[in-house]
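Since this is a predicted model, take the numbers as computed values, not measurements.
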Amino acid sequence: MEQLSKSYNSNVETEIYSLWFKSGLTNPDNMEEYLKEEGYEVKTPFTIALPPPNANANLHLGHVCGYSFHDVMGRYMRMSGHPVLLLPGKDHAGIQTESVFTKQLEKEGKTKEDLGRKEFYKQAYEFCMKNAENAREQEKRIGLSADFSRELFTLDSKLTKIVYETFYSMFEEGLIYRDKRIINQCPNCMTALADIDTEHELKRGIFAYIKYPLVDNPGEYITVATTRPETMLGDAAVAVHPDDERYSKYVGKKVLLPIAEREIPVIADEEVDMELGTGAVKVTPAHSPVDFELGQKHGLEVVNVINEKGLMEGDIPERFKGMGTVECSKALVKELDEKGLLEKIENTEHEVTVCERCRTNIEPIISNQWYLNVKPLAEKALKELKEGNIKVYPRGQQKALMHFYENIQPWCISRQLWWGQRIPVWYSGGKKLYDWLLENEGKTVQDFEKETGVKVSGTGELYLGEEEPESTNGEVWEKEEDVFDTWFSSGQWPFSTLGGPQGDDFKKYYPTQVMIHARDIIFWWSARMIMMGLYRTGQVPFKDIFVTGMILADDGSKMSKSRGNSVEPKEIFERYGADALRLWYYSDALPGSNAPLREEKIKGNRNFVNKIWNASRFIIMNIDKSEISQISEREIKKTEKVAKTEKHLLKVGKYIEKYQFNLGAESIREFFWHQLCDIWIEEAKKQIQNEDIGSEKRIEVLTELLHILKENLKIMHPFIPFVTEAVWQELVNLNLAEGMLMTQQMMSL
RNA sequence: GGGUGAUUAGCUCAGCUGGCUAGAGCAUCACAUUGACAUUGUGAAGGUCACAGGUUCAAGUCCUGUAUCACCCACCA
């Protein structure tokens with residue numbers, strides 16, 4: 001009978017995809033209608049909010065493959081009677097996009113200031129939309145059966161509105177506040193960074209031993225050791241361990257800070273490590289996170305000497321002003337040496353914090369930022385975890401998540417960027433005034449004017465809202481320049497995408513079922529989605545978190561563009577097809593494991609895909625046109641083989657429900673190849689080889705074989721949707737099947 | 001320093017609540033096949049399940065300790 005091509009050609013995959021997409025049945029509302037029309041029971045909706053990839057670049061292999069987990073769940077659920085919503089989107093990725101796009105502007109010889117905030121935003125938006133389009137193509141290429149009619153971008157006004165509502169409500173409850181804290185400042189990106197946006201690098205540095213003379217004991221001094229001499233200009237104290245006998249006599253006395261010529265106290269604190277350096281440590285609250293804590297504890301003065309550009313400033317000798325930190329360090333060391341206050345300098349290697357994007361050294365500085373007190377939210381999240389309302393796979397990650405919640409710190413939610421959701425706040429009389437009044441409790445606007453010499457018109461009050469408020473008595477409203485940390489909006493993804501707590505989709509599709517992503521973002525994303533979800537909706541945003549493995553280069557190293565060892569998804573699609581890639585990923589990228597991408601492994605899976613094609617082809621070829629009606633009308637007898645097949649379907653279904661995709665993939669391969677092909681088809685060959693066309697024996701054997709093939713196609717479909725649908729459509733052409741495999745129901749389950 | 005996990009065939013890993021004569025894929029070797037598929041079939045080789053103790057009738061599987069590795073968090077004056 002009809003001649004199918006000798007091997008499966010993965011080029012048909014795009015064609016198959018458009019078949020699915022055109023049907024509109026990836027939209028759960030349509031799917032629900034379809035189920036009703038076909039007389040199936042409509043089960044509860046199944047929702048996954050897909051992790052939105054960053055809209056500043058093409059998708060990498062990890063993204064693309066990750067979606068095959070979402071899709072296997074989605075397809076299986078759809079075939080089991082659930083209207084399935086796989087909700088796609090794209091993330092604006094604040095810092096990263098701003099950095100990528102600014103670099104692109106640089107190549108054109110422009111800066112973001114040249115464009116101005118509005119134009120910058122507009123162009124960055126276009127840039128993201130272009131990338132989003134590419135990303136969407138890749139998502140389709142892997143076979144993701146998502147409802148693209150609902151696709152969203154994190155900066156869509158619908159989402160922003162919901163994010164703002166959350167902000168207003170949190171502010172009113174006192175969870176959000178402005179605070180002066182030490183932050184990670186990237187002097188290059190000119191923004192505060194969350195800890196997550198920083199990395200650590202081992203760099204060469206110096207260890208300078210500097211003598212601080214005692215004020216009341218001429219000739220005596222305390223030597224402190226520091227890797228950053230320039231920060232001494234901002235020192236507020238020298239700290240020693242209370243049990244340290246070498247220094248106990250000095251505690252409570254004062255030393256004269258060289259060069260700055262300021263008197264600072266000697267304090268005692270348990271935190272000080274007696275073994276390290278000289279056992280005496282200089283305390284610079286303004287420029288070191290630890291020192292900041294120490295300073296707060298001991299009520300020390302905060303002396304700012306480095307500005308947000310990483311240059312020296314503030315209450316320091318004129319000659320150092322405007323210097324970079326390294327330059328200043330050198331100059332200081334030289335002067336100290338001349339004064340005989342430099343004991344020695346050691347070369348050392350130490351970890352420094354750098355900006356994840358541009359690798360610039362992070363400058364810890366004091367800054368006014370917006371904070372969210374996440375502690376009460378974390379407590380609720382922790383409770384849900386403990387009660388088992390959210391489960392993390394692999395289980396070990398659950399403990400890690402609990403530990404994270406138990407030790408959570410206030411979250412800095414403001415970023416000094418242009419790209420993002422601008423914090424909807426207005427300051428009467430200006431931001432500086434507001435912060436000043438906050439720091440100087442009890443003082444008034446008049447005090448501000450007197451002490452700073454700046455004239456303001458306003459009350460120092462805040463107004464929350466997007467639109468500029470009415471100006472009464474000629475007061476001037478200053479708009480907040482900062483934008484939200486990206487995680488503040490992506491943390492609301494599962495409900496913001498469904499239209500917020502009032503949305504129709506929300507009512508129908510929330511909470512979602514499962515969150516699937518790579519392990520590196522569990523704290524930064526999932527942890528926040530749980531907190532924000534509980535806060536806004538009172539419900540957990542998803543019941544399960546499934547953490548995928550990481551794709552590595554074939555030598556086991558991390559894939560990265562800079563190393564040149566990254567593999568484009570496109571290459572794999574072209575050479576082996578999406579099904580082969582998916583199949584490889586199910587078995588290799590298990591939770592907690594690494595998956596080095598080896599070509600020969602994908603090849604092996606491609607062979608299996610081809611095997612499916614050829615076994616189907618064999619069965620189709622053996623059915624004569626004249627036998628079709630007899631075969632399709634014949635009742636399926638529950639033979640041993642059919643029963644075994646049913647059992648197989650149930651088993652694989654269980655694996656999918658338990659997120660054991662590797663076992664599922666292994667089973668479908670084992671059953672199809674080594675049971676159906678190697679044994680049953682071989683048997684069938686012998687049974688029909690001497691039979692006449694249309695004979696009872698032939699009809700019996702072929703009917704059973706075809707049925708088993710179709711059942712196998714169904715259970716394999718969630719894993720490898722393309723080849724199975726391609727075969728199904730061949731069957732449809734011959735009147736041996738109907739409709740699309742994607743929407744077939746697994747009735748035996 | 002804190003946390004989490006890993007350690008099973010050459011490689012990447014399965015092995016759920018203890019019953020294994022320890023599996024898969026890829027790689028290797030031998031043989032077969034122009035027959036749906038050379039993108040195939042049949043078979044072989046390859047492992048004291050990191051190490052040391054313990055619990056048990058029975059341990060890859062549970063407990064304790066040791067070692068090595070990985071990731072995350074904190075920090076390094």
Can a salt bridge be assigned to the pair [X] and [Y] using a cut-off of 4.0 Å between side-chain N and carboxylate O?
{"X": "A/Glu363", "Y": "A/Arg228", "result": "yes"}
{"X": "A/Arg669", "Y": "A/Glu666", "result": "no"}
{"X": "A/Asp544", "Y": "A/Lys391", "result": "no"}
{"X": "A/Lys375", "Y": "A/Glu406", "result": "no"}

Between [atom2] of [N] and [atom1] of [X], the distance in whole Å:
{"X": "A/Ile612", "N": "B/rU40", "atom1": "CD1", "atom2": "C1'", "result": "15 Å"}
{"X": "A/Arg617", "N": "B/rC37", "atom1": "CZ", "atom2": "C1'", "result": "7 Å"}
{"X": "A/Trp680", "N": "B/rC37", "atom1": "CH2", "atom2": "P", "result": "23 Å"}
{"X": "A/Tyr586", "N": "B/rA14", "atom1": "OH", "atom2": "P", "result": "18 Å"}
{"X": "A/Ile408", "N": "B/rC73", "atom1": "CD1", "atom2": "P", "result": "13 Å"}
{"X": "A/Trp411", "N": "B/rC73", "atom1": "CH2", "atom2": "P", "result": "15 Å"}
{"X": "A/Glu670", "N": "B/rA24", "atom1": "CD", "atom2": "P", "result": "8 Å"}
{"X": "A/Lys601", "N": "B/rA24", "atom1": "NZ", "atom2": "C1'", "result": "10 Å"}

Verify the ring-centre separation between [Y] and [X]: is it less than 6.0 angstrom?
{"X": "A/Phe608", "Y": "A/Trp673", "value": "yes"}
{"X": "A/Phe546", "Y": "A/Tyr659", "value": "yes"}
{"X": "A/Phe69", "Y": "A/Tyr585", "value": "yes"}
{"X": "A/Phe523", "Y": "A/Trp487", "value": "no"}

Heavy atoms only, 4.0 Å cut-off, all strands: where does [X] land among base, sugar-phosphate and nothing?
{"X": "A/Lys685", "answer": "base"}
{"X": "A/Asn407", "answer": "nothing"}
{"X": "A/Ala225", "answer": "sugar-phosphate"}
{"X": "A/Phe523", "answer": "sugar-phosphate"}
{"X": "A/Ile619", "answer": "nothing"}

Legend entry - Stems involving RNA chain B, each a run of at least 3 consecutive Watson-Crick or G-U pairs under 3.5 Å: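 Output for stems: B:1-7 with B:67-73, B:10-13 with B:23-26, B:28-32 with B:40-44, B:50-54 with B:62-66.
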Within the pair [X] and [N], is there a side-chain N or O less than 4.0 Å away from OP1 or OP2?
{"X": "A/Asn607", "N": "B/rU40", "answer": "yes"}
{"X": "A/Lys6", "N": "B/rC37", "answer": "yes"}
{"X": "A/Lys611", "N": "B/rA36", "answer": "no"}

The side chain of [X] lies closest to which of these nucleotides: [options]?
{"X": "A/Arg669", "options": "B/rG25, B/rG41, B/rA14", "result": "B/rG25"}
{"X": "A/Trp673", "options": "B/rA14, B/rA36, B/rG41", "result": "B/rG41"}
{"X": "A/Asn614", "options": "B/rA36, B/rU42, B/rG3", "result": "B/rA36"}
{"X": "A/Ser288", "options": "B/rC76, B/rA14, B/rA36", "result": "B/rC76"}
{"X": "A/His674", "options": "B/rG2, B/rG25, B/rA14", "result": "B/rG25"}

Distance between the [atom1] atoms of [N] and [M], in whole angstroms?
{"N": "B/rU21", "M": "B/rA30", "atom1": "C1'", "result": "25 Å"}
{"N": "B/rU12", "M": "B/rA70", "atom1": "C1'", "result": "15 Å"}
{"N": "B/rC62", "M": "B/rG19", "atom1": "C1'", "result": "14 Å"}
{"N": "B/rA9", "M": "B/rA14", "atom1": "P", "result": "12 Å"}
{"N": "B/rU8", "M": "B/rC69", "atom1": "P", "result": "15 Å"}
{"N": "B/rG23", "M": "B/rA44", "atom1": "P", "result": "12 Å"}
{"N": "B/rG43", "M": "B/rG5", "atom1": "P", "result": "41 Å"}
{"N": "B/rG60", "M": "B/rA50", "atom1": "C1'", "result": "12 Å"}

Legend entry - Closest-nucleotide 5' rank along RNA chain B - winner of A/Ser7 and A/Val281: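 Its nucleotide being nearer the 5' end, the pick is A/Ser7.
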Legend entry - Earlier contact from the 5' end, RNA chain B, for A/Lys282 and A/Ile681: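 This one resolves to A/Ile681.
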Legend entry - Side chain A/Glu682 and base B/rA36 donor-acceptor under 3.5 Å: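 By the distance-only test, yes, there is a pair.
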Legend entry - Between A/Glu725 and A/Gln729: side-chain donor-acceptor atoms closer than 3.5 Å: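 A pair is found: one side chain offers a donor N or O, the other an acceptor, under 3.5 Å apart.
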Legend entry - Parallel, tilted or perpendicular: ring planes of A/Trp525 versus A/His517, cut at 30 and 60 degrees: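 The rings of A/Trp525 and A/His517 sit tilted, inter-plane angle from 30° to 60°.
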